[in-house]
Engineer: 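Okay, here's the structure, questions in a sec.
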Amino acid sequence: MTHPTRLQGKVAVVTGGGHGLGAETARVLAAQGARVAVVDLAYEGAVQVASEIEAAGGQALAVQADVRSESDVQAMATTVTDRFGRIDVLHNNAAALGVAQRQADRDVCNVSLEAWDTALDVNARGAMLCCKHVVPVMLRGGGGSIVFSTSGFGQLGDITLTAYAASKAALMALARSVAAQYGKQGIRSNAIMIGFVLNDHAQKTVPQEVKQILLAQHLTPDLGRPRQIADAVAFLASDESSFITGAVIPVDGGFTSHSPSMVPLREYFERQGSNKL
Ligand SMILES: NC(=O)c1ccc[n+]([C@@H]2O[C@H](COP(=O)([O-])OP(=O)(O)OC[C@H]3O[C@@H](n4cnc5c(N)ncnc54)[C@H](O)[C@@H]3O)[C@@H](O)[C@H]2O)c1
């Protein structure tokens, strides 16, 4: 379903908008009428996405910023406000997810300190800095909506990605803090807990066997698509979600909704030819 005017008049900032889920979200927000700042450390990606939006008739601005850097984030908020006059939507999506980072982020005895610091700095500190410098702009404009991208790793224990998990748990707390602190002044703040989504990068790098293990734990026929995440962000960015704040909303094909014994039980029942217990 398309909503060509749902976000008309709004200005959105998407961090990590130059690639993956953030890029799709930037495109969808723009297609629904928002003027979009595509913010990324990787400037080429941001420029590419902003050009695609402009070519499709939307309005976009590419901004290079390292969300770890307070001066970069402050300059980003000023640049966007100078260009578009306001900020109504902040999507805290940027995350350190390169192959080297993921491979150094293992169980707690084997996670490198560098990987720990990078995950916390980009994923958690970066989102905090964006709130710190965008919330005052939103308050001047009468309110806004902030959406954090988090993960099942932030909610449930697993055997690897210790630093990533801690950073994503921090975002759930941050989303609720911001909701509590600025709700009365018109700012809503929510987190989406994302399931496994095959962006082009994951398509190439994640082994087929791992994809199958993860698919078995989703209740949907398929793993997620970037558009499904973008649609959830667009809804939370819009006034249609005006009574939703302080929430952590699973957008995960049911990945975090079911009993841990479900998959082995399903296999057991298949072998038995019945689900009678
Ligand atoms: N893809 C999934 O299955 C999945 C699952 C759960 C949660 N998520 C979350 O969704 C978000 C997007 O994930 P993705 O798969 O699209 O990742 P991705 O790696 O494709 O995109 C991340 C973007 O963030 C940018 N970035 C990295 N460090 C930055 C920095 N310091 N400053 C500014 N930008 C920076 C990268 O350049 C990149 O464009 C992340 O927060 C991720 O944790 C994704």
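Atoms within each ligand, like the ligands themselves, are counted from 1 in listed order.
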Engineer: For ligand 1 and Val67, I'd like to know whether there is a polar contact (N/O to N/O, distance under 3.5 Å).
Structural biologist: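 Indeed, backbone or side chain, Val67 has an N or O that close.
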
Engineer: Could you pull out, from Ala202, Gly195, Ser69, Ser149, the option with a heavy atom nearest to atom 4 (C) of ligand 1?
Structural biologist: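 Nearest heavy atom to atom 4 (C) of ligand 1 lies in Gly195.
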
Engineer: What protein heavy atom sits nearest atom 34 (N) of ligand 1, and how far away is it?
Structural biologist: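 Nearest neighbour among protein heavy atoms for atom 34 (N) of ligand 1, to 0.1 Å: Leu41 N, 3.3 Å.
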
Engineer: May I ask you to list the atoms of ligand 1 that are less than 4.0 angstrom from any heavy atom of Ala65?
Structural biologist: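 Counting atoms of ligand 1 from 1, those under 4.0 Å from Ala65 are 32 (N), 33 (C).
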
Engineer: Does some non-hydrogen atom of Thr15 fall short of 4.0 Å from ligand 1?
Structural biologist: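 It does not; every heavy atom stays at 4.0 Å or beyond.
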
Engineer: Atoms of ligand 1 less than 4.0 Å from Phe196 heavy atoms?
Structural biologist: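 That gives atoms 3 (O) of ligand 1.
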
Engineer: Taking distance alone, with no angle check, do Leu21 and ligand 1 share an N/O pair under 3.5 Å?
Structural biologist: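 Yes, Leu21 has an N/O under 3.5 Å of an N/O on ligand 1.
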
Engineer: From the options Ala94, Ala96, Gly16, Ala95, select the one whose nearest heavy atom is closest to atom 27 (C) of ligand 1.
Structural biologist: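 Among Ala94, Ala96, Gly16, Ala95, the closest heavy atom to atom 27 (C) of ligand 1 comes from Ala95.
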
Engineer: Pairing donors with acceptors under 3.5 angstrom, does anything connect the side chains of Glu240 and His3?
Structural biologist: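 Per modelled atom types, Glu240 and His3 side chains form no pair under 3.5 Å.
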
Engineer: Ligand 1 and Asp66, any nitrogen or oxygen pair closer than 3.5 angstrom?
Structural biologist: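 Min N/O separation from ligand 1 is below 3.5 Å for Asp66.
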
Engineer: Out of Tyr164, Phe255, Phe153, whose heavy atom is nearest to atom 7 (C) of ligand 1?
Structural biologist: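 Of the listed residues, Tyr164 has the closest heavy atom.
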
Engineer: Any donor and acceptor pair, going by atom type alone, linking the side chain of Ser189 with main-chain N or O of Ala175 inside 3.5 Å?
Structural biologist: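 Judged by distance alone, yes, a pair lies under 3.5 Å.
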
Engineer: Among protein heavy atoms, which lies nearest atom 12 (C) of ligand 1, and at what distance?
Structural biologist: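 Nearest neighbour among protein heavy atoms for atom 12 (C) of ligand 1, to 0.1 Å: Asn93 OD1, 3.1 Å.
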
Engineer: Of all the heavy atoms in Leu223, does at least one lie under 4.0 Å from an atom in ligand 1?
Structural biologist: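 No, Leu223 has no heavy atom closer than 4.0 Å to ligand 1.
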
Engineer: Nearest 0.5 Å, what's the CG-OG distance between Asp252 and Ser151?
Structural biologist: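 Going from CG on Asp252 over to OG on Ser151, the span is 9.0 Å.
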
Engineer: To the nearest 0.1 Å, how far is atom 39 (O) of ligand 1 from its closest protein heavy atom, and which atom is that?
Structural biologist: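 The answer is Asp40 OD2, 2.6 Å.
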
Engineer: Which of the atoms in ligand 1, numbered in the order shown and given with their element, are less than 4.0 Å from a heavy-atom of Gly20?
Structural biologist: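 Ligand 1 atoms under the 4.0 Å threshold to Gly20: 16 (O), 20 (O).
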
